[in-house]
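Letters go in sequence order (proteins before strands), and every chain restarts at 1. Everything numeric here is computed off the predicted structure, so don't read it as measured data.
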Protein chains: 2
Amino acid sequence: MAVDLQNRLERGKSSTSRSSLAEASSDGSTYSSLNSFELEIIHIFVQTAQVLGLPKSVGEIFGLLYCSLEPLTFDEIMLRLKISKGSTSQGLRFLRNIRAVKTTYMAGDRKDHFVAELRLRNLSAGFLRERIMPHLENGEERLNNLQQILDHSPPEKRKILKERMSYLFTWNKKARGLLPWVLKFIDT
Amino acid sequence: MAVDLQNRLERGKSSTSRSSLAEASSDGSTYSSLNSFELEIIHIFVQTAQVLGLPKSVGEIFGLLYCSLEPLTFDEIMLRLKISKGSTSQGLRFLRNIRAVKTTYMAGDRKDHFVAELRLRNLSAGFLRERIMPHLENGEERLNNLQQILDHSPPEKRKILKERMSYLFTWNKKARGLLPWVLKFIDT
DNA sequence: CATAGAGTTCATTTTTTCTTGAACTTTAGG
DNA sequence: CCTAAAGTTCAAGAAAAAATGAACTCTATG
């Protein structure tokens, strides 16, 4: 099982078969490899990231934080997931932008400590706000421009095309009206 | 002309040049190039396709059909959009699978004639059914497996991790329960 | 202020995804 | 049955997206 998960998550990386949830490191490195619980949670978020059109690394980072009992530092995230500094930095930035991750300050430590937003409602809100709303708003703007173009088209077509456009307008408006409602519904 | 189309579809920020709606072809080809109305509608659907993680060609095909007053044949789609046979075939297949496009039969013509589903409600339904539901169902299954893994973990952690998993379960269930509602809401 | 630690940036490389088109299957009509 | 038109398939090439890591900025402290 663990091997299977390992393979799915990190294709082609050397993986020491790890059967249990032990956190000891067998290769002498400071950071433990991922246990099967973590691998599975991470996998779920990686898949979700892909459905949403986000980079895998974003899913990995969020998944790791989601099942961590304490805040993790930049280095811990980077080393445990075996991803680069750049991916870690950009992934964390994205996650902070959509409020999926926040930082906590730990006394006497200069490093940032990252925590996942566990209330998925807030997570969804951030995603909808940062990604979906802009798209819908841009669409509305474009539709407005379109109406002008349409005024120059042959009258016999104009009526039908106007109708089609009005469907799009309606749909756009409804989709935007839907978002707050969706958020309320999944308010976990 | 072809270059212009390409540019406008790909990086369509400069949408102001609305020259004419004429359908005459200036390069001698059988199929007319796209007019500015079509270009703009197609652009909207291409963008949407990208948000949804679908190939550009799928957005192009749907956009073209969406603003066509008559059913179009395979060749018309291919030639007007200047995309390959393969892309056309696969794009149309995908669109038919999610019920975004259907074929009509025209007397005395062996070719398929394709029409866009104008009721965006049905379109959304197909997309949710074919793309989102499978993901949510897969997620639920994985979460079920996870519970077993969790039973082997240290008791002091188990409680907290179980709680986090239960958030995920709840979220998953709610998301699935939401879909029918969303569809009803956008029933245009 | 000089420095080292913490994180960011971004040109390059790597990986993934999309498109292409030649070869293939299927089917209507002769 | 054959043929040719209509569409499909899929290996290979092209394009797009993501990951990498060296060079960079910023800042808290000695």
Side-chain angles (χ1 to χ4, degrees), chain A residues 7-13 30 42 45-62 64 71-97 101-114 131, chain B residues 2-3 5-7 9-12 30 45-47 49-62 64 71-97 101-114 131:
Chain A
N7 285 339
R8 284 171 181 252
L9 279 177
E10 25 179 24
R11 271 158 289 166
K13 285 182 188 169
T30 310
I42 290 170
F45 283 110
V46 165
Q47 272 196 163
T48 302
Q50 262 152 6
V51 166
L52 300 176
L54 304 174
K56 196 173 88 168
S57 61
V58 166
E60 291 175 315
I61 295 170
F62 186 80
L64 178 61
L72 299 180
T73 65
F74 188 103
D75 287 322
E76 284 166 343
I77 294 167
M78 184 176 105
L79 294 167
R80 295 199 68 203
L81 292 173
K82 295 185 175 61
I83 61 180
S84 69
K85 239 178 159 192
S87 289
T88 307
S89 178
Q90 293 185 178
L92 284 168
R93 174 159 46 141
F94 173 84
L95 289 167
R96 267 178 300 180
N97 282 347
V101 156
K102 65 182 202 287
T103 52
T104 57
Y105 293 99
M106 312 284 273
D109 193 343
R110 199 167 140 191
K111 294 181 178 179
D112 289 343
H113 291 250
F114 299 92
R131 292 247 135 173
Chain B
V3 173
L5 159 62
Q6 206 83 349
N7 285 340
L9 283 178
E10 283 169 10
R11 289 256 128 251
T30 309
F45 283 110
V46 165
Q47 272 196 162
Q50 260 151 9
V51 166
L52 300 177
L54 303 174
K56 196 174 91 168
S57 60
V58 165
E60 291 175 315
I61 295 170
F62 186 80
L64 178 61
L72 300 180
T73 65
F74 188 102
D75 287 322
E76 284 166 343
I77 294 167
M78 183 174 105
L79 294 168
R80 295 200 67 204
L81 292 172
K82 295 185 176 59
I83 60 180
S84 69
K85 239 178 161 192
S87 288
T88 308
S89 176
Q90 292 184 179
L92 283 169
R93 174 159 46 141
F94 173 83
L95 289 167
R96 266 177 300 179
N97 282 346
V101 156
K102 64 184 203 287
T103 52
T104 57
Y105 294 98
M106 312 284 272
D109 194 344
R110 199 168 141 189
K111 292 181 178 179
D112 288 343
H113 291 250
F114 298 92
R131 291 246 136 173

Shortest non-hydrogen contact from [X] to [Y]?
{"X": "B:Lys85", "Y": "B:Phe74", "result": "O-CZ, 3.6 Å"}
{"X": "A:His113", "Y": "A:Pro71", "result": "CB-CB, 3.7 Å"}
{"X": "A:Pro55", "Y": "A:Ala49", "result": "O-CB, 3.9 Å"}

In whole angstrom, give the distance that lies between atom [atom1] of [X] and atom [atom2] of [N].
{"X": "B:Lys56", "N": "C:dT20", "atom1": "NZ", "atom2": "C1'", "answer": "14 Å"}
{"X": "A:Lys111", "N": "C:dA4", "atom1": "NZ", "atom2": "C1'", "answer": "13 Å"}
{"X": "A:Leu79", "N": "C:dG7", "atom1": "CG", "atom2": "C1'", "answer": "14 Å"}
{"X": "A:Met78", "N": "D:dT20", "atom1": "CE", "atom2": "P", "answer": "10 Å"}
{"X": "B:Glu76", "N": "D:dA6", "atom1": "CD", "atom2": "P", "answer": "12 Å"}
{"X": "A:Ile61", "N": "D:dA18", "atom1": "CD1", "atom2": "C1'", "answer": "12 Å"}
{"X": "A:Asp75", "N": "C:dT8", "atom1": "CG", "atom2": "P", "answer": "12 Å"}
{"X": "A:Leu81", "N": "D:dT20", "atom1": "CG", "atom2": "P", "answer": "10 Å"}

Quick one: which protein N/O atoms are closer than 3.5 Å to N/O atoms of nucleotides 9-12 of chain C? Pair and distance per line, please.
from, atom 1, to, atom 2, distance (Å)
C:dT9, OP2, A:Arg93, NH1, 3.4
C:dT9, OP2, A:Arg93, NH2, 3.1
C:dC10, N4, A:Gln90, OE1, 3.1

Does [X] reach the side chain of [Y], with side-chain heavy atoms less than 4.5 Å apart?
{"X": "A:Leu52", "Y": "A:Arg131", "value": "no"}
{"X": "A:Gln47", "Y": "A:Val51", "value": "no"}
{"X": "A:Leu81", "Y": "A:Ile42", "value": "yes"}

- Task: Output, in order, the C-alpha distance, side-chain angles, deciding distance and verdict of side-chain contact (heavy atoms from CB on, under 4.5 Å) for B:Ile61 and B:Ile83.
- Result: CA-CA 9 Å; B:Ile61 295 170; B:Ile83 60 180; 4.0 Å; yes

- From A:Val101, A:Thr73, A:Thr104, residue fulfilling side-chain contact (heavy atoms from CB on, under 4.5 Å) relative to A:Phe114: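 For A:Phe114, the side-chain contact (heavy atoms from CB on, under 4.5 Å) check succeeds only for A:Val101.
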
- B:Ser84 side chain: which of C:dG7, D:dT8, C:dG21 is closest?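 Of the options given, the side chain of B:Ser84 lies nearest C:dG21.
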
- Message: With a cut-off of less than 4.0 Å, is there a side-chain N or O of A:Arg96 near OP1 or OP2 of C:dT8?
- Response: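 Answer yes for this pair, as a side-chain N or O of A:Arg96 is under 4.0 Å from OP1 or OP2.
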
- Message: It should be established whether B:Ser57 places a side-chain nitrogen or oxygen under 4.0 Å from OP1 or OP2 of nucleotide C:dT19.
- Response: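 Yes, B:Ser57 has a side-chain N/O under 4.0 Å of OP1/OP2 on C:dT19.
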
- Query: When every nucleotide of nucleotides 25-30 of chain C is labelled 5' to 3' by its protein contacts under 4.0 Å (heavy atoms), B for base, S for sugar-phosphate only, - for none, what sequence of letters results?
  - Reply: --BS--

- Message: At 4.0 Å (heavy atoms only), tell me whether A:Leu92 reaches a base, stays on the sugar-phosphate, or touches nothing.
- Response: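 Since no nucleic acid heavy atom lies under 4.0 Å of A:Leu92, the category is nothing.
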
- Task: Measure the CZ-CG distance between B:Arg93 and B:Leu95 for me, rounded to the nearest 0.5 Å.
- Result: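 The distance works out to 11.5 Å.
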
